Structure formats: C-alpha cells, structure tokens
There are 4 protein chains.
Amino acid sequence: MAEPRFQRRKEDRPAEITQAALAAFAEKGYAGTRVDDVAKRAGVSKGLLYLYFKTKEDLFKAVIRSFLSPRIDALISNIEETELSAEEFVRGPFLEFATSLPKSPAKILVRLMIAEGPKHPDLIAWYWDNVVSRALDALRTLIKRGVDNGEFRKSALDEFPQLLITPIFFSMVWTLLFQPHTDLDTDRFIEAHVEMVLDSIKVKYQ
Amino acid sequence: MAEPRFQRRKEDRPAEITQAALAAFAEKGYAGTRVDDVAKRAGVSKGLLYLYFKTKEDLFKAVIRSFLSPRIDALISNIEETELSAEEFVRGPFLEFATSLPKSPAKILVRLMIAEGPKHPDLIAWYWDNVVSRALDALRTLIKRGVDNGEFRKSALDEFPQLLITPIFFSMVWTLLFQPHTDLDTDRFIEAHVEMVLDSIKVKYQ
Amino acid sequence: MAEPRFQRRKEDRPAEITQAALAAFAEKGYAGTRVDDVAKRAGVSKGLLYLYFKTKEDLFKAVIRSFLSPRIDALISNIEETELSAEEFVRGPFLEFATSLPKSPAKILVRLMIAEGPKHPDLIAWYWDNVVSRALDALRTLIKRGVDNGEFRKSALDEFPQLLITPIFFSMVWTLLFQPHTDLDTDRFIEAHVEMVLDSIKVKYQ
Amino acid sequence: MAEPRFQRRKEDRPAEITQAALAAFAEKGYAGTRVDDVAKRAGVSKGLLYLYFKTKEDLFKAVIRSFLSPRIDALISNIEETELSAEEFVRGPFLEFATSLPKSPAKILVRLMIAEGPKHPDLIAWYWDNVVSRALDALRTLIKRGVDNGEFRKSALDEFPQLLITPIFFSMVWTLLFQPHTDLDTDRFIEAHVEMVLDSIKVKYQ
DNA sequence: AATGAATGAGGGTTCATTCAT
DNA sequence: CATGAATGAACCCTCATTCAT
C-alpha cells in the first residue's frame, strides 16, 4: 500500500511532463501556469522537471513541438501517396482531417501559438519550416494535381491554398472563445465551406 | 455635432491611459506588460492610473472594450441602412471593411482576446453580446435580404454567415504569426474568398 | 503607538541598507547572506532594497566601495601634507592608522575581499585603482622623503613599501581566524614590527 | 622507503575526491562549488562521493585537513632535528619554505580558510591545534636557540615569532587578490623581510 | 488630484541530499 | 559498491498594489 516516494522511470518522464504541461498551459496560458503545477500534474517534483527541461520556456517549446506536427505529417504523406482523385481526396481524407482538428487539443496549441508566439520567434520559425510551409506545399500539390487532371479549373486557389483551410482556423478560434455562447457545428460548418470551394472550382460539365 | 475646438486638457486621462495600455499589451501581452510601463507611456504616475482603474485586469478590460466595437457598430448600421443590393454591399462596404481589419490594430485585440479571453469569461460575454452576436445578426440580415431579393440562392450561408468572414480572422492570425516568413496579400486573399462565396451563392441566370 | 507601516525616507535608505548589508555579510559571508535578512536588518522590505540595488552582487559592491576607502584617503592626504619628519610620521600618524585598522570593521572587508574577490574582478580592479595603488604611492613618497632627508638609508623598503604594512594584514587575518584561540596584542605586535623596520633602515649615527 | 610499484588501483578514492574537491573549491569557492562538479572531476558518481563524505561540509573539512599540514610537519621536524645554527637555518630551510608557500596551492587553502573559517569553528580549532600552534612553538624554539647561542639578541621576536612569517601571509593574500594588477616578486620580497629581521636581531659584533 | 517610495506575496531556478536500481 | 534519477527546501528577484506625502 505504501507507494515508494522514488520511482525511476527515465524513459517516460519527458512525455509525461510534456503531457501535463500541455494541460496546464491550456488551462491557464503560459504565464498563468506555475512550474510547480506542471510538476504536480505530472506526479513529479519540480526538481525533476528541471532535469529534463532547462527552463519553463524550454518546456513550453517542447510542448508545442511535440504536438500537432505528427498529425500534419500524416496528412502530408497521405497527399503524396494517395491514389484518389483530387476531389475524392478533399471530400475524404482532407475533410476528415479538417473536421477532426477543432475537436482535438490542437485548438489549444493554436491558442498558445497566438498568445505566446510573438515572444518566441524561433518557435514560430520552427513551426513555419517544419509544419506550415510543408503543409502549404502539400495543399498546392493536391490542387495542382486536380487542375492537371482536368478536375479543377484554374482559380485563386492555385495561389492561395489557404482558402481551403480558412474555416479550420476559424472553428478553432471561434469555439475557443465563444463556446459557451454559441454552438457552432464545426463539422457541418467546415463541410459547407469545402463544398462551396469545390462548387466554385470544379469543372462543371463534360 | 460641433466639435469643441479646445480639448485635450485633462479628463481624457482615461482614454490616454487606455491608449498607452493598448500599445503596451500589444507589444508584450497581458502578463508581459508592467503597470509601471503603461503609466510611463501615458506620461502619468502609477498612482494616478490606479485612481482610474482599480486593477490591472480592469484596465485590460477597458482597453478591450474601447476598441473594435465602434468599427463594428458602423458596419452594422451600414448594413441596416444601405440602399445597395446585397451583392453590391458585399462587394463594396463589406469588402472594404473586411480588407481593412487585418491592417488595423484590431489584429492585436484579436490576439489579446484569444490569449487572455479564457481567463476573463465576463469579457468574452460582453463581447459576444455587444459585438459578435450583433455583427452576426447583421450579416444574417444582409444575406437574407439577398435571398429575398432573388440575388442569392438558399445556401449554407443562411445558417453559417461566418463563412463570409472566415478569411478575415485567418488573415489576422496568419500575419500575426507568420509575417516575417511569408507575405500574404490579405486584400487579394480576402477578395478571392468573397468572390468564391458569391460565385457559389449567386443565382446564375434567369 | 502605532508605527506607520510606510515611511518615506528616500535619502537615508541606501546608507541604511549598505550598513545592514555590511553586518550581514560580515556574519555570514556573501553566499550565506540572504537578501531577505539584509532587508530585515535595515528595517525595510525586500522590494525596497531592490529599488536601490539592482542585484545582490550590486549591493555587495556598494558595500565594499563605501567602506575602507575614506580611511585610506585620510592617510594619503595626511602623508602628502604633513610637516613631520619621516620617522616622526611613521611613529605617529602611520602607527596610529596601522594599529587602528585591525580593530575596525575593515577587517571584515578584507575577509570579504579575499573570499569573494576572485568572483568579482572588476571590484578588485576598482580597489586597486582607487585604494591600493594610491596607498602604495603614498608610502613610497613617505619613504623617499626619509631617504632624501638623510633620515633613512637606501633599502629594500624603497622597492617594497609593503614591508611596512605587512603586520597590519597579518593582524587582521590572524584575529579573524584565531581570535578565540590566542590573543595577539595587535598594537604591540605592529609597533614591534615598525620598530624593527625603523631600526633596520635608520641612519644610525653621524 | 621502497615505493610499491603497483598501486592506484582503488581505495585511494577518498584522496582522488579530495584532490578534485580542492581544485573545485579553489576555482569557485565553497558555496560556488557544486557537489556534482567535484564528483565529475573525480570521475566518480555523486552517490559514491556521499559514501565517503557524509556532507559537503565534511568534504570541505577533509580537503582542508589533508593539505598544508604535511608541509608544516616537515618544517617542524626540520627545526627540531637540524644541526644548523639559527641564522643558517633561517637563511636556508626556513627561507626556502617561506618562499615556496606563496607559489603552492597553500595559497588557495588560506583563501578558503579565511572565507569559510568563521562558519566552521571546529575546523579552525583543528587547525590551530594541529598546525598553527605547533608551528608557532617550533619558531619559538628556533629563535630561543639563537638567543641561547648568542647569535641573536633578545627582542620582540621572542614574544612574537609571527614577525618572521608576516610576509608569507602577505604575499599569498596579495597575489591572490592583485595578481593581474601587479607582479610582486615574492621571493625577493620575503628575502628582504627576513634580511631585515636578521639585521635587527643579530648580535652585531664580537 | 498626483506622486513614487514602499510593501510583500509569489514564481522560477538551483543544488545538497536521498534512494531505487 | 556504484549509479544518477528524484526530491524539496531555499533563495533571488519581480511586480501589482498601497499609502505617506
């Protein structure tokens, strides 16, 4: 019944701490989170936390880096390797990805990025290089494929692939802020947008 | 309506402080801003600041409340009083409003709302009641008018007027974060989106 | 009877704090002294201390700089302006200065310098420039005057004026360390040394 | 006297640690030295270090005790067993000892003693009993022998044998502090002092 | 009304020491 | 014996807030 006060679990610690930190940052924001709290959440002493992360900022960066990125990696390789037509891909895997994001903790990360980003330019840079620009390229590839296929006509989407993901951001931010005041059905919202985009760029006949 | 020629004596003190606070919060975020700095920026002593605002949080709320809202009020009354057709209004006043926002300090307010909102639910509530829901209603009115006019067909936009403003938020957040890494032409981006929406909902012929 | 919690005494604060800090550092050394304690000793809040001294190190430097130096300044100007013969000066004012030092708080400063000096090279440099090298020059002047007068013969003291002050340092360090174990009569010890030196350099007859 | 050829297997662990600790303390002082660092320097784990030394303070005392003392032991027995005249001894072995000290790590120990001594009275006591008072006695013996021999006249040195070692301390402290700012030739400085002392106490003629 | 000196709770970080492995 | 992961008490410093002037 006596739980040992010491537990050596070197392997798992960083992930556990990172997990706990995400939860804490999500609730209180960066400044509002006390390192003590993160440690407590992780079931760990403050000292140990500092063994794995040199500073609170370090911890924050580790949190940001370790989430979201895998998800996007999956989407990207999916785009590259799929055998679906462009429209099928958009209606299938892309839509699934798009609608899942606002329900995931990614939402929280977006908040943190927006809130704290300006103070951590290197973090933004890392994100741009490793996540955003790659995702953008993948989207461009997908759209170009549709155009080359004759599925899509040439459109502003060629230049602004962001037009496709606009409602994802919006949903995340909207629910983050106004959840108690409204209940946006993000799935249908995003679907409607995608439908609208497809409607606008699909080659209609013949 | 006659503007008093001499003013700015005293007693727009609160406004001056609020102004200074916006600048400070914009630069450093809420937690990163020291009350001292705000006072210095406003050319006022710390003590005086506390005469007008009971706490730092109070000051923050005053800042948030005093900006953005007038702008939206204008848009709303514009919608209500315009004699333009729905499409003309979207292409005209709405687009102008939409493209101007990402260049204005509103961007910063959005950041502050996202960053600090969760800690200030009453602020969010105030915003919802006084700004967001009213703006949403106005948009709905506008769209409904278009449908009633026979300009627009029935569409998801009826339920989700947000589909129209999606790229405004996106532009603001995007430039906030990735300004140094990319240069999104927000004007053309937003125009492209609006065009796409109109393309999708306009009754095409006959 | 109720003492006001706040007391505005801007002028006196730095000196009071510096005073308290000397006492604290003397008792516990630099590392062993808590800023809190210094504040308490000075009857002041920790925060106020940081208003006047940016860091603990800053405070330490201020303490070191503000003591000892005036004492030596006096000796130096004394040497420059005296009308006594060299021997008279040594037996009179110099001896008085020399014997008083080991009983003064200077002892403590010497300890602090020795203990902490290596970590604060700029402090050492300041001391060298403002105190030590000037004192050395003054001593050299004094001895040279004696030689020029025909009071003293040429000797190693010309090159090493430090030979005169050797027992001062020794007395300070010795009592610092071994006070409880021995009772060196520093006055007579230093006198004996000075006598010995004079005996050795005085031109004896004719 | 036969030195065992193979050694250094294990179990001069304590000595190795003590060695490493001296180096560390010398560089950073007591408070500035991390136990971790000492362990690393000694090529040993922190846990093992704590096997040999119960606390950091313990380690510190061990360091202090293990150095300097052997050197002085040698001098003392030298004084007791020598067949040289008092003057010859002073000019020979004593001077050699005196000039070598300021160049040795003893200097560092002196610093540590001065800096940390007041916090470790038992260490001081140990030093007094085992090193200082014995050294003092030996010096007294030497001087008395000179007087009894008719080499020296009666003088203050009889009461204050410290007058002989004054410049040793001085040289150590001086170089410790002002090394970069001056270059005292400690050998010649100490020689000059000794010469002066002898000059003063030697029976001059017949 | 206006100032800014003064307060003190609170948070990030370090590091001597312990103990499971 | 040996390791180094884990603990937690301290300590420096900041800053929102108060109040004597």
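Since the model is a prediction, treat every value here as computed from it, not as a measurement. Chain letters run A, B, ... following the sequence lines, proteins first, then strands; residues in each count from 1.
At whole-Å resolution of the value, CZ in B:Arg34 and C1' in E:dG10 are 16 Å apart. Distance C:Asp37 CG to F:dC11 P: 8 Å, rounded to the nearest Å. Following rounding to the nearest Å, B:Lys40 (NZ) and E:dA2 (P) show an atom-to-atom distance of 19 Å. If you take CG of B:Asp36 and C1' of E:dA5, they are 11 Å apart, rounded to a whole angstrom. Between the CG atom of C:Asp12 and the P atom of E:dA5 there is a distance of 14 Å, given to the nearest Å. Protein atom NZ of A:Lys54 is 10 Å distant from nucleotide atom P of E:dT14, rounded to whole Å. If you take NZ of A:Lys28 and C1' of E:dG11, they are 13 Å apart, rounded to a whole angstrom. One atom, NZ of A:Lys56, and another, P of E:dG11, lie 9 Å apart when rounded to the nearest Å.
The pairing partner recorded for F:dC12 is E:dG11, the criterion being a Watson-Crick or G-U wobble arrangement whose two distances lie under 3.5 angstrom. Across the strands present, E:dA1 finds no partner; the criterion is a Watson-Crick or G-U wobble pair with both atom distances under 3.5 angstrom. Pairing for E:dT21 is with F:dA2, a Watson-Crick or G-U wobble pair whose two hydrogen-bonding atom distances lie under 3.5 Å.
Ion pairing between a basic and an acidic side chain is recognised when a charged N comes within 4.0 Å of a carboxylate O; D:Lys61 and D:Asp122 show such pairing.
Smallest separation of non-hydrogen atoms from A:Tyr30 and A:Lys56: O-NZ, 2.9 Å.
For D:Tyr50, taking side-chain heavy atoms from C-beta onward, the closest of the listed nucleotides E:dT17, E:dA2, F:dT17 is E:dT17. Nearest to the side-chain atoms of D:Leu51 among the listed nucleotides F:dC1, E:dT13, E:dT7 stands F:dC1. Each of E:dA6, F:dG8, F:dA16 was ranked by its minimum atom distance to the side chain of B:Val35; first place goes to F:dA16.
Contact annotation: side chain of A:Lys46 to base of E:dT13, donor-acceptor pair present below 3.5 Å.
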Just do the side-chain contact (heavy atoms from CB on, under 4.5 Å) check on B:Glu116 and B:Arg111 with the steps written out, would you?
-> CA-CA 8 Å; B:Glu116 306 300 332; B:Arg111 167 147 84 91; over 6 Å; no
Carefully, step by step, assess D:Glu27 and D:Arg41 under the rule salt bridge (Lys or Arg N to Asp or Glu O under 4.0 Å).
-> CA-CA 12 Å; D:Glu27 255 179 44; D:Arg41 259 180 215 259; 3.1 Å; yes
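Along DNA chain F, the nucleotide nearest A:Leu49 and the nucleotide nearest D:Leu48 are compared for position; the residue whose nucleotide lies closer to the 5' end is D:Leu48. Of the two residues contacting DNA chain E, namely A:Thr33 and C:Gly43, the nearest-nucleotide position lying further toward the 5' end is that of C:Gly43. Each of D:Gly47 and A:Ser45 lies near DNA chain F, and the nucleotide nearest D:Gly47 is the one positioned closer to the 5' end.
Contact annotation for C:Tyr52: backbone-only contact, meaning every heavy-atom pair under 4.0 Å involves sugar-phosphate atoms and none involves a base.
For D:Asp37 (side chain) and D:Thr33 (main-chain N/O), no donor-acceptor pair under 3.5 Å exists by modelled atom type.
For the pair D:Arg13 and F:dA2, the criterion of a side-chain N or O lying under 4.0 Å from OP1 or OP2 is met.
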